[in-house]
Protein chains: 2
Amino acid sequence: MKNKHGSKRALTRNQSLVFEALRKAKNPVGAYELLDQLREHGLRAPLQIYRTLDQLIELKIVHRLESLNAWTLCCDAEHDSTPVFAICNDCGIVTECFDENISSNIQKISKRSGFVADRSVIEIHGRCDQCETSQG
Amino acid sequence: MKNKHGSKRALTRNQSLVFEALRKAKNPVGAYELLDQLREHGLRAPLQIYRTLDQLIELKIVHRLESLNAWTLCCDAEHDSTPVFAICNDCGIVTECFDENISSNIQKISKRSGFVADRSVIEIHGRCDQCETSQG
DNA sequence: ATAGGTATTGTTATATTATAACGATTCTAT
DNA sequence: ATAGAATCGTTATAATATAACAATACCTAT
Ligand SMILES: [Zn+2]
Ligand SMILES: [Zn+2]
Ligand SMILES: [Zn+2]
Ligand SMILES: [Zn+2]
């Protein structure tokens with residue numbers, strides 16, 4: 001994904017299309033919903049979407065939400081720490097946040113059992129502030 | 001799932017079948033794999049499996065691993081706190097563990113943004129102690 | 001610039017995972 | 001026993017994801 005100079009390569013056409021679709025969406029988007037939206041721009045097959053999403057994940061600008069089967073833009077291209085996603089059951093909004101302690105606790109819990117962590121999935125379901133206050 | 005005395009009801013036939021299949025498995029099992037195994041005992045349709053799994057989750061004796069699309073027995077029927085699953089990429093073994101701090105951190109991270117947590121998914125992928133030490 | 005090899009992309013087909021709809025059966029309370 | 005509610009079985013179908021291979025673009029050395 002990087003060119004020979006190590007700098008970031010511009011996004012390919014498919015990558016840009018998927019990126020823009022995700023950027024315009026309020027909430028995470030499923031693969032087939034992306035496909036529907038991008039048909040008019042020439043994407044016809046699921047694999048074109050899935051491959052592109054994998055590439056954008058590799059580039060660290062997109063995350064997959066495992067408990068939703070959906071994808072969302074990363075809030076910030078630079079983080080190394082494990083993101084924590086807060087997912088609202090009502091409005092579907094997803095907030096990416098970080099917590100030093102959670103990351104270090106995962107390290108600890110891993111070391112305790114000799115487990116070497118690689119990738120963490122942390123997805124909290126509940127109700128966002130807005131839904132909580134507006135509807136009781 | 002509880003009878004009128006509030007005590008735990010015995011498992012139904014389907015529940016027992018799925019429970020036993022999970023108990024015998026070393027690792028989490030997918031719905032269609034369960035279906036294959038239980039065909040000889042009279043289960044024929046995916047819904048019979050999915051419904052039963054939902055019931056066992058409701059009974060808090062089974063967990064679903066969101067990042068695997070698979071299910072596993074709970075290590076301990078009594079916990080209230082959020083389980084943390086360590087999933088080995090190599091051998092597929094899944095260890096359910098707990099960490100007071102992680103639970104309280106999730107509370108904090110939630111409160112910070114007014115989010116009210118409901119259900120947490122924490123799944124750590126990596127290599128288990130055994131795979132790590134045996135194969136370098 | 002051109003040929004040859006490599007990596008990426010497009011396309012078709014298919015696999016895997018999950019749910020909708022509805023009738024049959026069982027359970028529950030009177 | 002009987003009516004209503006809940007659960008279950010069955011068929012069909014929806015939703016999500018990948019395998020296989022051909023076509024195209026890309027890189028490298030001449
Ligand atoms: Zn991020
Ligand atoms: Zn909300
Ligand atoms: Zn458990
Ligand atoms: Zn292992």
Side-chain angles (χ1 to χ4, degrees), chain A residues 1-19 21-22 25 27-59 62-72 92 121 123, chain B residues 1-19 21-22 25 27-59 62-72 87 92 121 123 125:
Chain A
M1 289 312 171
K2 302 225 180 161
N3 67 16
K4 60 186 165 185
H5 304 299
S7 59
K8 282 175 190 167
R9 182 179 288 173
L11 296 182
T12 66
R13 174 175 164 76
N14 286 358
Q15 287 168 0
S16 296
L17 287 168
V18 170
F19 181 90
L22 289 175
N27 295 348
V29 188
Y32 280 76
E33 197 181 330
L34 287 168
L35 180 57
D36 281 345
Q37 287 177 31
L38 296 176
R39 244 179 244 286
E40 54 183 316
H41 295 93
L43 298 206
R44 297 155 221 255
L47 255 194
Q48 295 178 289
I49 304 293
Y50 284 107
R51 281 176 182 158
T52 304
L53 287 167
D54 285 347
Q55 293 160 359
L56 293 173
I57 288 171
E58 185 70 19
L59 289 169
V62 161
H63 296 294
R64 173 177 159 87
L65 293 153
E66 297 289 344
S67 58
L68 298 180
N69 295 336
W71 288 261
T72 191
V121 173
E123 301 177 6
Chain B
M1 291 311 173
K2 303 226 180 161
N3 66 16
K4 60 189 165 186
H5 303 300
S7 60
K8 282 175 189 167
R9 181 177 290 175
L11 297 183
T12 65
R13 173 173 164 76
N14 287 358
Q15 286 168 2
S16 294
L17 286 168
V18 170
F19 181 89
L22 289 176
N27 295 350
V29 189
Y32 280 77
E33 198 181 330
L34 287 168
L35 181 56
D36 282 346
Q37 288 178 29
L38 297 176
R39 246 179 244 285
E40 55 184 315
H41 295 92
L43 298 205
R44 299 152 220 258
L47 256 194
Q48 295 178 288
I49 304 293
Y50 283 107
R51 280 176 184 157
T52 304
L53 287 167
D54 285 347
Q55 293 160 0
L56 293 173
I57 287 171
E58 185 70 21
L59 289 169
V62 161
H63 296 294
R64 174 179 157 86
L65 293 153
E66 296 289 342
S67 58
L68 299 179
N69 295 335
W71 288 262
T72 193
I87 300 167
V121 173
E123 301 177 7
H125 293 252

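A note on names: the letters A, B, ... follow the listed sequences, proteins ahead of strands, and every chain is numbered from 1. For clarity, every value in this text was computed on a predicted model and none was experimentally measured.
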>> Heavy-atom nearest nucleotide on DNA chain D for A:W71 versus B:L43: which residue maps closer to 5'?
In response: B:L43

> Within the pair A:Y50 and D:dA17, is there a side-chain N or O less than 4.0 Å away from OP1 or OP2?
Replying inline: yes

> With respect to the side chain of B:A45, which nucleotide from C:dT9, D:dA17, D:dT10 is positioned closest?
Replying inline: D:dT10

> Expressed in angstrom and rounded to an integer, what is the separation of A:Q48 atom CD from D:dC21 atom P?
Replying inline: 19 Å

> So, B:R51 and B:N14: side-chain donor and acceptor under 3.5 Å apart, yes or no?
Replying inline: no

> Between C:dA18 atom C1' and B:E33 atom CD, what is the distance in whole Å?
Replying inline: 17 Å

>> With a 4.0 Å limit, can you tell me whether A:N69 has a side-chain N or O closer than that to the phosphate oxygens OP1/OP2 of D:dA17?
In response: yes

>> Over all strands shown, is B:R44 touching base, sugar-phosphate only, or nothing at heavy-atom distances under 4.0 angstrom?
In response: sugar-phosphate

> Where is the tightest heavy-atom contact between B:L53 and B:V18, given as atom of each residue plus distance?
Replying inline: CD2-CG1, 3.7 Å

>> If you assign each of A:R51 and A:G30 to its closest nucleotide in DNA chain D, which residue comes earlier from the 5' end?
In response: A:G30

> Any donor-acceptor pair under 3.5 Å between the side chain of B:Y32 and the base of C:dA15?
Replying inline: no

> Are B:S67 and B:E123 linked by a side-chain donor-acceptor pair shorter than 3.5 Å?
Replying inline: yes

> Expressed in angstrom and rounded to an integer, what is the separation of A:L47 atom CG from C:dT14 atom C1'?
Replying inline: 11 Å

> OP1 or OP2 of C:dG10 sitting under 4.0 Å from any side-chain N/O of A:N14?
Replying inline: yes

